[in-house]
Amino acid sequence: MRIAPRPSRSSTAMDPHYQPKSLEPAVQKQWADTKAFLAPDDSPKPKYYNVGMLPYPSGKLHMGHVRNYSINDALAHFLRMKGYNVLQPMGWDAFGLPAENAAMANGVPPAKWTWDNIAYMKKQLQGLGFSIDWTREVATCSPDYYRWNQWFFLRMREKGIAYRKTGTVNWDPVDQTVLANEQVIDGKGWRTGATVEKREIPMWYLRISQYADELVDALDGLGWPEQVKQMQRNWIGRSYGVEFTLPYAPETAARMADGKAGLKVYTTRADTIMGITFAAVAAEHPLAAEAAKSNPALVAFIDECKKGGVMEADLATMEKKGMPTGLFVLHPFTKEKVEAWVGNYVLMGYGEGAVMAVPGHDERDFAFAKKYGLAIKPVIDVDGQAYSTDAWQPWYEEAGVCVNSGKYDGLAQQAAIDAVAADLSAMGLGDKRKQFRLRDWGISRQRYWGTPIPMILCPACGDVPVPDDQLPVVLPEDLVPDGSGSPLAKSRAFYECQCPTCGGDARRETDTMDTFVDSSWYFFRYTCPDAAAMVDARADYWMPMDQYIGGIEHAILHLLYARFWTKAMRDMGLVKVDEPFRNLLTQGMVLNHIFSRRTAKGGIEYFAPEEIEPAVDAEGKVIGALLKSDGSEVEYNGIGTMSKSKRNGVDPQDLIDRYGADTARLYVMFASPPTDTILWSDSSVEGSFRFLKRLWKLVHDHLAAGGPVAARASGDLPKPLKDLRFKLHRTIDKVGDDYGRRLQFNTAIAAVMELLNAMTDAHDASPAGRAVAQEVLEGAVLLLSPVVPHVCTALWAELRPGSALIAQPWPEVDPSALVQDTVVLVLQVNGKLRGQLEVAAAATKDEIEKLALASEAAVKHMEGRPAKKVVVVPGRLVNIVA
RNA sequence: GCCCGGGUGGCGAAACCGGUAGACGCAGGGGACUUAAAAUCCCCAAUCCGAAAGGGUGUGCGGGUUCGAGUCCCGCCCCGGGCACCA
């Protein structure tokens, strides 16, 4: 069947011009009519489950999406050609903050905004012609989906995986609302400009720490980039250290009414224990509160510590400040008094809110001690180097041998740690302990547009779960947030309810779930989108996912939460897999310039690059910027990820409208390897379009000169045709390797370009020449079809009338075409390129060495010196050292 | 600050396991075709010296290992991603 529209005046020829505007919709219609990409839930073929991270429906696709799903789609097509039953679904990460922000900006309820965006972006994805099974579409904001978030939350609560405790949030004192980290800029609220404060509120947590060991250990077996596995290992941060108590000094113990014997601390460097010179506690620590009772300056300092947000990056870079409390703990061994300080860098939520300080061997403690004139006591000797308290040296932190440490003197690190732990244990003060950096996952959000947490607070019965038969707790869709607190907490219709246990008046939980909950298991739901339960047996067929593709920015949080959730589902008997994602490809970010300025209120507003006239210095670096509309100055913030909030996304629609989907896809795939970060530029899109036009013309001219050639060339071919077939089959081999193993598409496309260049150079109108040309063109079309499926579908229909591209297998390499008589080696003298050497493919090292030494170039550049050494790398080069 | 990446011509990049640095393409220059333009096709093109042949230099910076380093090691600089409430 022909896809290309045929000009009416010609009866035999294909359209001489490449016309994507009419061609692409026709091909897409054919795919839709034949339900070409619906994946059956059983098949004699091996299954291949291929997913791109689901998009947030922000309004329009951006280039990052095009890149992401073009990679997925190329793999989907390739694996289909390789004989797999491929499932490629799509869905929407439809809850989240931007919908509430949009609602505040223009008064549209988040639900309408979200569903409109989904409809538009779905049309864009369909216009790009991705081979998606749309019958499995999932939107996380639909009650059919999020009811299972609620259902599973209740199961986790029953097993003690979900629990309640307090956590620290950013509080905007003007809007009286909790802010996301993104909404805190330089410690101030983005809309009010008010200084943000830390506030402790009760929240629901998921005990991911219970799975910490398995989450680290199972990384080894995953086909993930080493870099991502390393990030997760570091994030989970399993360490083997010592936990012990620094007992309160007698007068301090008398004042402390916390029922504890002292400060509990954890260290991986117990070998430095004799170097303790002070301790530090968080501002919220009971010890700080006790000390503050009689110390107004300390009260002021504690208040100051509460200023600012909760972001780790801010806490780690801010100036370390502290104040002595006048309260003391005892060194566990020497019984010396050690003063407790309040430190602004110690957080109550982490560990016990207290740390021991060894300024001699910890850089942060060292800086703190220098600042406040505290003692620095070196207790580790590293290779006899001289310690000086004048300035920090990196080796102070290295492992060495104990000195100034009494009975531990002379012990190496591990022996010292073992001895210290044994002694602490004997004294009943502590012991060795495995610890993780990973903290439990707080899922409560004081927001509207998310999954309601299915709990009811009854004055008589306490926390009561919503009974399963009353799920889902439906989120009302008609509310509009105003920026001051959660609309749910203000909606009586939502929160007024009866206690399921006693029937009395009760209040529904108004917090919603973190949207990472939604994205932690959607890939299970794709396999059985209409299941009456959370999942059914179809998940066992499709999972684990064979290939997951998404941005590197998800390397830790999303991927870790999804792994945890999967294990929790497994332990609940819902699924069989231990790990959800067998192979992972993390694509690089698509970056663009960012422009912003402060608003009158002290908040921040962003401008799209097209609204800006940048000022550029002599080297082309952006140094300033003006707003086009009124010429006012805006700030240049450098380059960063395309995002809705920073308004620097690029909508691919212009590109698609102008050149077609295939050109847009070819462009993003050809621009760089998928894992590279790219700075957006459309300056070479024209070249991708030109290549498709050229491909079209090559096929057209070939067919116009005598129609398709049915049979392969046979018998002895002249050298140029033999060489061309060699090139074709080497290209088939390379492209298959690039798609299947390397997941690198730019080099695959370049290889096909080279092949077509070679075909043009070797143009031969003889029957044998036309037969080889037919073979090359068919090969090129098959090789490119995963990337540009529309044009290849049309070209295939011309090259092989009556046959459909979609039914074609991946081309086979003809081994006989790859046989070569001679190879060309590079000739080096003293490592410098001095010539080339053509030798028989079967030549031995000795023969090659003789030929090399006898060659004119070698003789000339050896200048009469004898060869000291000859290095022969078979198939590559000869290097003569003279 | 901590963890993980990256830096190669005017630009995007290639070089996969230590073996010809710059494939392929963009932009550019020259030419063909055309009344002209567009489109298309052909040629040139890292850089410096040279008419050419040829030679020198060159993969962010400084050292090192090696017959040979873009690739490995040590020390820096700059850029990007993540840092637990953006998704």
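Quick note on labels: first sequence line is chain A, next is B, and so on, each numbered from 1. Every value quoted in this text rests on a predicted model; they were computed, and no experiment measured them.
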Taking 4.0 angstrom as the limit, do A:E397 and A:R269 come out as a salt bridge? no
On the 0 to 90° scale, with breaks at 30° and 60°, tag the A:W441-A:Y561 ring pair as parallel, tilted or perpendicular. parallel
May I have the distance from A:E397 (atom CD) to B:C2 (atom C1'), rounded to whole angstrom? 12 Å
With hydrogens left out and only the distance checked, is there a donor-acceptor pair under 3.5 Å joining A:N234's side chain and the base of B:C3? no
Would A:E226 and A:R233 count as a salt bridge (charged side-chain N to carboxylate O under 4.0 Å, His left out) here? Give the steps. CA-CA 10 Å; A:E226 199 47 51; A:R233 276 187 206 106; 3.2 Å; yes
Cation over ring, A:R563 on A:W235, under 6.0 Å and within 45°? no
Taking atom C1' in both B:A14 and B:G70, what distance in whole Å separates the two? 11 Å
Separation between the C1' atoms of B:C61 and B:C78, rounded to whole Å: 10 Å
Measuring only the C1' atom in each nucleotide, how far is B:C74 from B:G10? A whole number of Å is fine. 34 Å
Establish, with yes or no, whether the OP1 or OP2 oxygen of B:G5 is under 4.0 angstrom from a side-chain nitrogen or oxygen of A:T677. no
What interatomic distance, in whole Å, is found between C1' of B:C73 and the corresponding atom of B:G18? 13 Å
Given RNA chain B, 5'-ward residue of the pair A:S444 and A:Q836, judged by closest heavy atom: A:Q836
On a whole-Å scale, what distance lies between the P atoms belonging to B:A13 and B:G80? 15 Å
Are A:R876 and B:G18 close enough that a side-chain N or O sits under 4.0 Å from OP1 or OP2? no
Euclidean distance, atom NE2 of residue A:H861 to atom C1' of B:G68 [Å, nearest integer]: 17 Å
When rounded to whole Å, the CD to P distance for the pair A:Q232 and B:A84 reads 16 Å
Give a yes/no on whether any side-chain N or O of A:R437 is located under 4.0 angstrom from OP1 or OP2 of B:A84. no
If only side-chain N and O atoms of A:K832 are considered, is one of them under 4.0 Å from the OP1 or OP2 phosphate oxygen of B:U57? yes
Is it the case that the ring center of A:F95 lies less than 6.0 angstrom away from the ring center of A:Y146? yes
Taking atom C1' in both B:C77 and B:A23, what distance in whole Å separates the two? 30 Å
Nearest to the side chain of A:R741, which nucleotide is it out of B:C67, B:C16, B:C42? B:C16
Give me the distance, rounded to whole Å, that separates B:C16 from B:U71 when you measure between the C1' atoms they each carry. 11 Å
With sugar-phosphate meaning primed atoms plus P, OP1 and OP2, does A:G442 contact a base, only sugar-phosphate, or nothing at under 4.0 Å between heavy atoms? sugar-phosphate
Hey, which sits more toward the 5' end of RNA chain B by its nearest nucleotide, A:N746 or A:E226? A:E226
For B:G18, give the paired nucleotide (Watson-Crick: N1-N3 plus N6-O4 or O6-N4; G-U: N1-O2 and O6-N3; both under 3.5 Å), or none. none
Which nucleotide in the list B:G19, B:G1, B:C83 gets nearest to the side chain of A:L557? B:C83
From the options B:A27, B:G81, B:G19, select the nucleotide whose nearest atom is closest to the side chain of A:E686. B:A27
Across every strand shown, the nucleotide meeting Watson-Crick or G-U wobble geometry with B:C2 (both distances under 3.5 Å) is B:G82
